[in-house]
Participant: 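The structure that follows is given in the form of structure tokens.
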Amino acid sequence: MFAKLVSTIESISPTTITLQVFLLLAAIACSTRFISGRNYKSDLSPNGTSWDGRKVATLPYWFPYFGHLLPLTINLDRFLQKCCQRSPPGIFSLKIFGSKYHMIFTPSLTRSLFEGHSTAISSDSVRWFLLVNVFGANKRHKQEHLRAHGDAHACLLDQLLSNPSEMLRATVHGIREHGPNLVSFSDSIVDQNPWERAAAPIIHTDIITGDASSVEISLFALIRTFVANVALPSLVGREFLENYPEILEDIQDLGDGFKYFVLGLPRWLPIPSLTKAHIARRKLLGAISSLHGALDQLAAGNEANQPWRDLDDVSAMLKGRHAIWNAYGTPRDVRDPSDLSLLWAMGTKTTNLIFWILVQVYSNPELIQKLRDEVHPFAKASQPSQVFGLPEPARLEINDAGLVQSCPLLKACLYECLRLHSKPVSMGTVQKDLSILESPEDSRSVNGERPQSFVLEAGDSAASLSDAHQHDPHYYESPNSFQPGRFLSSSESVQGQRTLVRGTLQPWGSGEFACPGRVFAEQQVMAFVAAILVLWDMEPVDSRGWIVPTQRTSAIVSLPSADIRARLRPRDLSKTK
Ligand code: HEM
């Protein structure tokens, strides 16, 4: 009997085995697709005659257990976009590794979940997942992280949501000091500012006078490096950037590997941006660890160790969290990644956003004039008279509170750029069965039927895909064009101004988990943009005029897919009001 079995197996050629395995897999895939497709159709039809308490339909998939993993890995953005187009109810589910992920892209369903059920949804596991997978925390120390997290997060909120925060004051001080030196007109690398060196400057001279008249630069490189150089010291102190001059490249490399970290791809895969992201993360964590070591020395009453000398300008937020972690005995491999997540947030999201606003605004001469008129009372540039025949740099005054309170058009440009160029995501795990409800407005806009409610079960995960809503023509007319006016009220307020109306846009995420840096981010973006507007004229080098670059996805705020060259010249301040 045994001999017969062996001879039968031996008689099967490897080609036959491969074919049989292939046929078996194809049969499994086809039947999985058939069954999941049938379930999808039945879940899409109303629950009996009722639109209430519906199950969320899971999109059909081919492979059991892995579910939608493959198309998500191949092209995450494109796949999610197609899923949204296929899902009339504004919500759909995906299966990954046997778990259910509800994806919501209708504003009222998002609000109903993240604001209406904030106690029934937890972001702890998502937050921990990102801290481990993206920022390199040690997964064995989850309990230690959870013990200190409440206090460390409260310290962060306390500092970032206070108005004006210490970090905003430091940033505005930096903008005042360095804004007039965005480009220095110096052709010696030694005399150029770090942000100019990153932007490959070429100085153009006036044919008649022979004087330097404008500087040609790579705009994204200039703005990113300038903003980061001015803003990051408000968090980690100036010495951090002096001791680690390559920090911006490392933050950028970490950002480029973000999606691979999220997907949990192993380090050895031959993907160049994944390898670079690992190296960058190790260097960044090393730099933060060194700073924490110096803070430990100070806390123990000693001198800070080399290379640190003066840590007075390190933010109260960073020092406060450091003290909290010391009190809890939180291990280094949890606290360093936590601070890295902050450094990354500050070194990418606002820098990218400021670039997009400047490109959109400078490409519209009428808009730029309106903005300059609006910000004039709160961002004033003046030219001091020459001393001993030497030209003095322009002087800048900024009233950040005035900008935020009284410049609705500038704020509308900020929100319109967030709508066009950001992909905010809120995620959480459902803790107990719950039901989320669509608003009548959304049901009219999205599916033209009566409002529906959906049931989510404990243990499922849920995420809001605001990007789909941000480009939905049901909510935003001509959704791909830049129209800041859509965020302004149609009538004027008592003070004779139109006011900002954010409507259903939620660029900072939703509910309790929304971005804790939102107040600070909005204030600093407005201060940077206003300062550049009042100090600098800008024109594109491309003879076709300003061309807003296409975007490539980065976590939250997109990157331009290619940089653009622009010419900067200081504004003639004698002619401005
Ligand atoms: C244009 C600028 C920014 C945008 C569009 C933005 C947007 C977001 C979004 C959508 C989230 C996820 C919220 C959620 O889960 O619902 C988030 C989280 C976060 N953001 Fe921002 N953010 C910006 C700037 C900043 C800045 C400047 C900081 C720090 C100073 C910051 C710190 C954080 C932190 C720490 C979290 C995680 C919150 C948590 O773990 O609960 N963000 N941000």
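Only this structure's heavy atoms are used, side chains among them; waters, hydrogens and symmetry mates stay out. Numbering of ligands and ligand atoms starts at 1, following listing order.
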Participant: Is it the case that over 12 heavy atoms from other parts of the model lie below 6.0 angstrom from the NZ atom of K370?
Facilitator: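 At most 12 heavy atoms, drawn from other residues, nucleotides or ligands, come within 6.0 Å of this atom.
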Participant: Can you check which of A345, P424, C515, G517 brings a heavy atom nearest to atom 18 (C) of ligand 1?
Facilitator: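 Checking each option, the heavy atom nearest atom 18 (C) of ligand 1 is found in C515.
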Participant: Atom 4 (C) of ligand 1: which of F114, W508, W344 has the nearest heavy atom?
Facilitator: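 Closest candidate by heavy-atom distance is W508.
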Participant: Can you list the ligand 1 atoms lying under 4.0 Å from a non-hydrogen atom of P507?
Facilitator: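 Every atom of ligand 1 under 4.0 Å from some heavy atom of P507: 5 (C), 7 (C), 10 (C).
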Participant: In the protein, what heavy atom is nearest to atom 9 (C) of ligand 1, and what distance, to one decimal place, separates them?
Facilitator: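 Result: I556 CD1, 3.5 Å.
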Participant: Quick test: of every protein heavy atom, which one is nearest to atom 30 (C) of ligand 1, and how far off is it to 0.1 Å?
Facilitator: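 Its nearest protein heavy-atom neighbour is M346 CG, 3.4 Å.
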Participant: Working to the nearest 0.5 Å, report the span between CZ of R372 and CG of L367.
Facilitator: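 These two atoms lie 10.5 Å from each other.
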Participant: Please write down residue, atom name and distance for the protein heavy atom closest to atom 19 (C) of ligand 1.
Facilitator: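 Heavy-atom neighbour on the protein nearest atom 19 (C) of ligand 1: P516 CD, 3.6 Å.
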Participant: Kindly say whether the aromatic ring centers of H141 and H145 come within a distance under 6.0 Å.
Facilitator: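 No: the rings miss the under 6.0 Å criterion.
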Participant: Where on S341 is there a heavy atom closer than 4.0 Å to ligand 1, on the side chain, on the backbone, on both, or on neither?
Facilitator: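 Within the 4.0 Å criterion, S341 makes no contact with ligand 1.
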Participant: Is the shortest distance from a Lys or Arg side-chain nitrogen in R238 or D312 to a carboxylate oxygen in the other one below 4.0 Å?
Facilitator: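 Answer for the salt bridge query: no.
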Participant: Does any N or O in the side chain of W356 come within less than 3.5 Å of the main-chain N or O of S558, such that one atom is a donor and the other an acceptor?
Facilitator: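 Yes; judged by distance alone, with no hydrogens or angles, the pair exists.
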Participant: For ligand 1, which atoms have a heavy atom of L418 less than 4.0 angstrom away?
Facilitator: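 Result: 5 (C).
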Participant: Starting from atom 24 (C) of ligand 1, which protein heavy atom do you reach first, and at what distance in Å?
Facilitator: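 It is A521 CB, 3.9 Å.
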Participant: Taking 4.0 angstrom as the limit, do K411 and E522 come out as a salt bridge?
Facilitator: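 Salt bridge: yes.
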Participant: For R321, is there any backbone N or O sitting under 3.5 Å from a side-chain donor or acceptor partner on R335?
Facilitator: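 Judged by distance alone, no pair lies under 3.5 Å.
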Participant: Mind checking whether Y475 and H469 have ring centres under 6.0 Å apart?
Facilitator: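 Distance test on ring centres: under 6.0 Å, yes.
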Participant: Contact between ligand 1 and V425 is defined here as a heavy atom of the residue under 4.0 Å from a ligand atom; is it met?
Facilitator: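 Yes, V425 has a heavy atom closer than 4.0 Å to ligand 1.
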Participant: Quick check on contacts: which atoms of ligand 1 are under 4.0 angstrom from a heavy atom of L353?
Facilitator: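 Result: 1 (C).
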Participant: Could you establish whether H153 and ligand 1 come within less than 4.0 Å of each other, counting only heavy atoms on the residue side?
Facilitator: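 Judged by the 4.0 Å heavy-atom criterion, H153 does count as contacting ligand 1.
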Participant: From the options K349, K423, R518, Q159, select the one whose nearest heavy atom is closest to atom 43 (N) of ligand 1.
Facilitator: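 The nearest heavy atom belongs to K349.
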Participant: State the CZ-NE2 distance between R127 and H149, to the nearest 0.5 angstrom.
Facilitator: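 If we round to the nearest 0.5 Å, R127:CZ and H149:NE2 are 3.5 Å apart.
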Participant: Looking only at protein heavy atoms, identify the closest one to atom 41 (O) of ligand 1 and say how far it is in Å.
Facilitator: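 For atom 41 (O) of ligand 1, the nearest protein heavy atom comes out as R127 NH2, 3.0 Å.
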Participant: Tell me: protein heavy atom nearest atom 13 (C) of ligand 1, and distance?
Facilitator: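 The closest heavy atom on the protein side is F513 O, 3.4 Å.
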Participant: Centre of Y476's six-membered ring, under 6.0 Å away, within 45 degrees of the axis: is that where NZ or CZ of R419 sits?
Facilitator: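 The answer is yes, since R419 meets both limits relative to Y476.
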Participant: For atom 16 (O) of ligand 1, what's the nearest protein heavy atom and its distance?
Facilitator: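 The closest one turns out to be S426 OG, 2.5 Å.
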